[in-house]
Q: 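Shown below is the structure under consideration.
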Amino acid sequence: MITAYLRDHHRPNPHGRLVATRGGSPLSASHFHETMWQPLLREVGMEHPEDRFHFHALRHFAASMLAASGVPLTDIPEMMGHSHLDTTLKTYCHAMLTDDARAIRL
């Protein structure tokens, strides 16, 4: 998918961003949310009046799925841009804990 995006849509820009405005400047979070994310949610029928489906949730999903798919836990922090495994586990992989593991943490 990334290869197809780069081939069909990417515009090289001075900031080296994968996604940028048409002028090549960094895309602000609010601009992305209003012009890309919300229209996508509407298109797939996931629009929510309280705006509860945030793009950042995909980051949580990706980290959890990487771990659940057998990617070594020591590799995931680098993919997520974390310097410590502990940050990744506490922030993103908590959803995959079993009920027993959650009870131990309480």
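Positions are given from 1 along the sequence.
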Q: Check whether more than 12 heavy atoms from other residues, nucleotides or ligands sit under 6.0 Å from atom CZ of F61, and answer yes or no.
A: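 It does not: F61 CZ has 12 such atoms or fewer within range.
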Q: Do L89 and M79 share a hydrophobic cluster (ILVMFWY, side-chain heavy atoms under 4.5 Å, transitive)?
A: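 Yes, same cluster.
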Q: Check residues 34-41 and write down every donor-acceptor pair under 3.5 Å in which the side-chain atom is one partner and the other belongs to a residue at least two apart or another chain.
A:
residue : atom : partner : partner atom : Å
T35     : OG1  : H31     : O            : 2.6
W37     : NE1  : F53     : O            : 2.7
Q38     : NE2  : H33     : NE2          : 3.1
Q38     : NE2  : D51     : OD1          : 2.6

Q: If I compare all heavy atoms of A67 with all of L73, which pair ends up nearest, and what's the gap?
A: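 In terms of heavy atoms, the two residues are closest at CB-CD2, 3.7 Å.
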Q: At what distance, to the nearest 0.5 angstrom, does OG1 of T88 lie from NE2 of H82?
A: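 Result: 5.0 Å between the selected atoms.
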Q: Nearest 0.5 Å, please: how far is NE2 in H60 from NE2 in H54?
A: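 It is 11.0 Å, given to the nearest 0.5 Å.
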Q: Tell me whether H56 at atom NE2 has more than 12 heavy atoms from other residues, nucleotides or ligands lying less than 6.0 Å away.
A: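 Yes, NE2 of H56 has more than 12 neighbouring heavy atoms, counting only those of other groups under 6.0 Å.
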